[in-house]
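Encoded as structure tokens, the structure appears first; notes follow it.
Computed over heavy atoms, backbone and side chain alike; hydrogens, waters and symmetry mates excluded. All residue numbers refer to positions in the sequence shown, counting from 1.
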Amino acid sequence: MHEDTIAAVATPPGRGGVGIVRVSGPGVRAIIEALIGGLPPPREARFRRFRDARGEVIDEGLVLFFPAPRSFTGEDVLELHGHGGPVVMDMLLERVLELGARPARPGEFSERAFLNGRLDLAQAEAVADLIDSGSRAAARAALRSLEGEFSQAIEALSERLIELRMYVEAAIDFPEEEIDFLSDEAVEARIVELTAAFERLQAAARQGSLLREGLHLVIVGAPNAGKSSLLNRLAGREAAIVTDIPGTTRDLLREAIDLDGLPVHLVDTAGLRTTEDPVEREGVRRARAELERADCALLVIDDTDRDPGREQALRDSLPQELTVLRVYNKIDRTGREPGPVPGEPDALAVSALTGAGIEALRSRLRERVGYPGETEGIFLARRRHLDALRRARDHFDAGVAALRAHRAGELLAEELRLAHQALGEITGEFTSEDLLGRIFSSFCIGK
């Protein structure tokens, strides 16, 4: 338990009907006594007046007291629910600090919950992810992580690794049994089961990471191909200026949309062409820089002005590893059938003006990034989780390869130990102070 007491305004800055000051630590009971004159019943809201050092009323509202260890942080926790004006909140927080608390760092309440064993690290991160959710599907996935589904899956995989490691090390301790061990079908069966478990968990984590991070989708193409019209159609509103004048879009235009639960960060860019206009040239430079960070690009082509050589040159100018969908726009003028283009698996025909083919485009986007639409059973995951899972899988695969190639049980045991340690980084079983500092510093103050 910590020796100091922390406090913060737990509601967003600005005016509101209700504002909350949260306090945690060993000084909570003394602070309650000074503020309201006595402890309220545990976990029951009571109406009280909050008083300053002279006994004058600062505000009035609800007080909630959560005794340790049955609280969010595992310490004594106090919540003061007052009127949500910034001046009132500042006065109330100032009084609490006057009574011995100190201002909480960003994420310090969640950090204490982790350090006191109330949450593991994956659950603590899910608190912030739930707050920052970009869609309902992401919020549901974050809640599943907060409730421990991700942690339970990690623990189940860790247990399987430990069981195999114990079996391997037992065989090493009895070398006369090693030949039987290495040819044991039970070992191979366990390896197959672990491989499948890794694949399931990695697939779910990739989906969870996509839900959390969102899809970074960039719209590119020649000037006047209809890029801004397509952005407006996908966004469902007039977010971009649309004219018949080529080069209208000079800077990046960003829009956040919800693609059936998948958060999409949509970016409209300047038309890709060689130009002497310094402003437009800067727009083209920014467009190319954005493409380097993109997950996927929509290459918009004017179906009324097809030039295969120019189209290929545009495609060749894009990053080679980037997923690209060609979108033939303005089919309302050419009469082409909307939807997938026969013989071109990465092409669709649409009309940004009428909306024809747009649903097929949305569906193809979901397919290309591997988003199933149905998120039941998916938990939110961060990039560090994917990295830890990848390293755990690499250690496991290296150990299995050493066993099969050289009958090296010792190498398998060591790689299983390293795999287990990599998995432990996700829940915080094995972690560094630097990592904890980076994780919790990204949280909002009061959480």
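Sparse packing is recorded around CZ of Arg136, with 12 or fewer heavy atoms of other residues, nucleotides or ligands lying under 6.0 Å away.
Contacts of Arg326 classified as side chain to side chain contact (heavy atoms under 4.5 Å, CB included), with partners at least two apart in sequence or in another chain: Leu299, Ile301, Tyr328, Glu344, Ala347. With sequence neighbours left out, the side chain to side chain contact (heavy atoms under 4.5 Å, CB included) criterion links Arg160 to Glu193, Leu194, Ala197, Arg200. In this view, Ala205 and Ala381, Leu386, Leu389 satisfy the side chain to side chain contact (heavy atoms under 4.5 Å, CB included) rule, not counting sequence neighbours. The side chain to side chain contact (heavy atoms under 4.5 Å, CB included) check on Leu418 picks up His395, Glu414, Glu415, with sequence neighbours excluded.
Put simply, the side chain of Arg384 gets close to the backbone of Glu425: a donor and an acceptor are under 3.5 Å apart. Remark: the backbone N or O of Leu130 is paired with a side-chain donor or acceptor of Ser133 at under 3.5 angstrom.
Residue pairs satisfying the side-chain hydrogen bond (donor to acceptor under 3.5 Å, both in side chains) criterion with at least one member in residues 9-22, sequence neighbours excluded, are listed as follows: Arg22-Glu79. Residues in residues 82-99 take part in these side-chain hydrogen bond (donor to acceptor under 3.5 Å, both in side chains) pairs, two or more places apart or across chains: Asp59-His83, Arg95-Glu98.
Using modelled atom types and a 3.5 Å distance limit, the side chains of Thr427 and Ser151 yield no donor-acceptor pair.
In this pair, Phe379 and Phe150 present their aromatic rings parallel. The plane angle is below 30°, not in the 30 to 60° band.
Interatomic distance, CG of Leu291 versus NE2 of His216, reported as 8.5 Å (0.5 Å rounding).
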* To do: Kindly indicate, with the supporting measurements, whether the criterion ring pair (Phe, Tyr, Trp, His ring centres under 6.0 Å) is fulfilled by Phe198 and Phe396.
  => CA-CA 9 Å; Phe198 263 115; Phe396 172 72; 5.4 Å; yes
